[in-house]
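Keep in mind the model is a prediction, meaning the values are calculated, not measured. Counting starts at 1 for both ligands and their atoms, in listed order.
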Amino acid sequence: MKIHEYQAKELFGEYGLPVQRQEVAADAKTARAAAERIGGEVVIKAQVLVGGRGKAGGVKLVDSGAEAERKAGDILALTIKDLPVEKVLIAPAAEILQEYYLGMILDRGSKTIVLMVSAEGGVDIEELAVTFPEKIHQLAINPVAGIDAPALRSVLSAAFPVPQLREQAEDTVYKLYRLFLEKDCSLVEINPYAKVDGEQLLALDAKVNFDDNALYKHPELERFKNPEEYSEDEIEARNNGLSFVSLDGTIGCIVNGAGLAMATLDIVKLYGGDPANFLDVGGSSNPEKVLNALRIILGNPKVKAILINIFGGITRCDDIANGILMAMDQIDIKVPLVIRLIGTNDVEGRRLLVDRGFRVAERLSDAVEQVVKQV
Ligand code: GDP
Ligand code: MN
């Protein structure tokens, strides 16, 4: 799960990380009032779930309420990497003396949390990682042993030779690490981690991603959920207990079992088709699930044909066929449909479907070949 900068900064605040006061606005007038409350020069920042906002014109400094209103209006009219800006953050403008980078990611390969530090942070960090990777210092943290204090000091010294700054950075890393572990993050990032007047380091940007598989442990993170992170059909599928991922293609797929669903997508591609989605209806013959699956898939205007691929194991194919028929009775399908049904009682199951005029195949390759011809 991704969250907005203002949400990440709220969480940073709870962990004692150095963030500034902030306000959030969804319209230009509210942004103006916030800017006037804060007073002086303020920064107005687009809140979208992608990086690169600075380069896209989504970060502006202003020094009056009127200008805040104007710039907030401009930013709220932007679409950054396909995402419309719906909110802006308003904070005191910092006078930046130097931009550092601090980040932590979960590295599955080494089974560690990798800390990355650079004295050359800012909007070009991705470029720096390619052109001068040696300028990004790394420390692998074993989550069982925790942070090795001398090793951390040595890594931080490279970017922060001045002890006073290094000590602040050290404090920030410990707090960030605690947040990373306690909230089951997959990534946390501060860029810029900025030096301002008075040898102070501030988190001027904040990025936090959570591991979705651990979200069930964190009801307190519920309030940070952003519906715009998922497509409408993904949300609808989730509410109906279906495992669903939307894709870009034209062939809607309904499959029982996640492994078979993955294999089905591969075979559709192999035969020159493009799947519109991944969908696992689970191992039951529940007509309700098939019906919901069909509804969600048919709601996608890109879908030109549908493939239902069912392998009946414990569930019998005749039950499944009846489930499919019940669903079909309740929904009007205007695109071609191909059903592949095999497993326990499959002869009977296929007969039920054929009797009602459906295209039914026994072999997956035959079904896929047929469905690809329909688009
Ligand atoms: P990103 O481009 O999406 O990563 O957005 P950031 O929040 O990192 O902002 C991009 C850039 O805007 C930063 O690297 C800074 O150079 C600049 N910026 C952000 N906040 C401030 C601020 O308070 N004062 C100044 N002077 N610049 C800022
Ligand atoms: Mn940034």
Q.
Working note: Gln47 + Glu5, criterion side chain to side chain donor-acceptor pair (under 3.5 Å); need CA distance, chi angles, decisive distance, verdict.
A. CA-CA 7 Å; Gln47 298 298 289; Glu5 173 192 4; 3.0 Å; yes
Tell me the protein heavy atom at minimum distance from [atom], and give that distance in Å.
{"atom": "atom 1 (P) of ligand 1", "value": "Arg53 N, 3.7 Å"}
{"atom": "atom 25 (C) of ligand 1", "value": "Ala94 O, 3.4 Å"}
{"atom": "atom 28 (C) of ligand 1", "value": "Ile96 CD1, 3.7 Å"}
{"atom": "atom 20 (N) of ligand 1", "value": "Val43 CG2, 3.9 Å"}
{"atom": "atom 6 (P) of ligand 1", "value": "Asp205 OD2, 3.5 Å"}
{"atom": "atom 2 (O) of ligand 1", "value": "Gly54 N, 2.8 Å"}

Quick check: does any side chain N or O of [X] sit under 3.5 Å from a backbone N or O of [Y], one acting as donor and the other as acceptor?
{"X": "Asp280", "Y": "Asn256", "result": "no"}
{"X": "Asn226", "Y": "Glu228", "result": "no"}
{"X": "Lys9", "Y": "Leu204", "result": "yes"}

Q.
Residue-level breakdown please: for Glu99 versus ligand 1, do any non-hydrogen atoms fall below 4.0 Å on the side chain, on the backbone, on both, or on neither?
A. side chain
Q: Would you mind telling me if ligand 1 is within reach of the side chain of Leu61, the backbone, both or neither, using heavy atoms under 4.0 Å?
A: side chain
With a 4.0 Å cut-off on N to O distance, would you call [X] and [Y] a salt bridge?
{"X": "Asp74", "Y": "Arg70", "answer": "no"}
{"X": "Glu10", "Y": "Arg223", "answer": "yes"}
{"X": "Arg351", "Y": "Asp355", "answer": "yes"}
{"X": "Lys2", "Y": "Glu229", "answer": "no"}
{"X": "Arg350", "Y": "Glu362", "answer": "yes"}

List every atom of ligand 1 that sits less than 4.0 Å from any heavy atom of [X], numbering the atoms from 1 in the order shown and giving each element.
{"X": "Lys45", "answer": "6 (P), 7 (O)"}
{"X": "Pro192", "answer": "8 (O), 13 (C), 14 (O)"}
{"X": "Val59", "answer": "9 (O), 12 (O), 19 (C)"}
{"X": "Ala93", "answer": "23 (O)"}
{"X": "Val123", "answer": "2 (O), 10 (C), 11 (C), 14 (O)"}

Q | Distance filter under 2.8 Å, centred on the Mn ion (ligand 2) - protein N, O or S atoms that pass it | A |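 Atoms qualifying: Asn191 O, Asp205 OD2.
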Q: Please say whether the positively charged group of Arg238, taken as NZ for Lys or CZ for Arg, lies over the ring of Phe244, i.e. under 6.0 angstrom from the six-membered ring centre and within 45 degrees of the axis.
A: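 No.
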Q: Report yes if Asn191 has an N/O atom closer than 3.5 Å to an N/O atom of ligand 1; otherwise report no.
A: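 Yes, at least one N or O pair falls under 3.5 Å.
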Q. Centres of the Tyr100 and Phe160 rings: under 6.0 Å?
A. yes
Q.
Can you see whether Thr112 engages Asn142 through a side-chain donor-acceptor pair at a distance of less than 3.5 angstrom?
A. no
Q: Using the salt bridge (charged side-chain N to carboxylate O under 4.0 Å, His left out) rule, take Asp205 and Arg53 through it: C-alpha gap first, then chi angles, then the decisive distance, then the call.
A: CA-CA 11 Å; Asp205 189 9; Arg53 296 162 301 161; 3.0 Å; yes
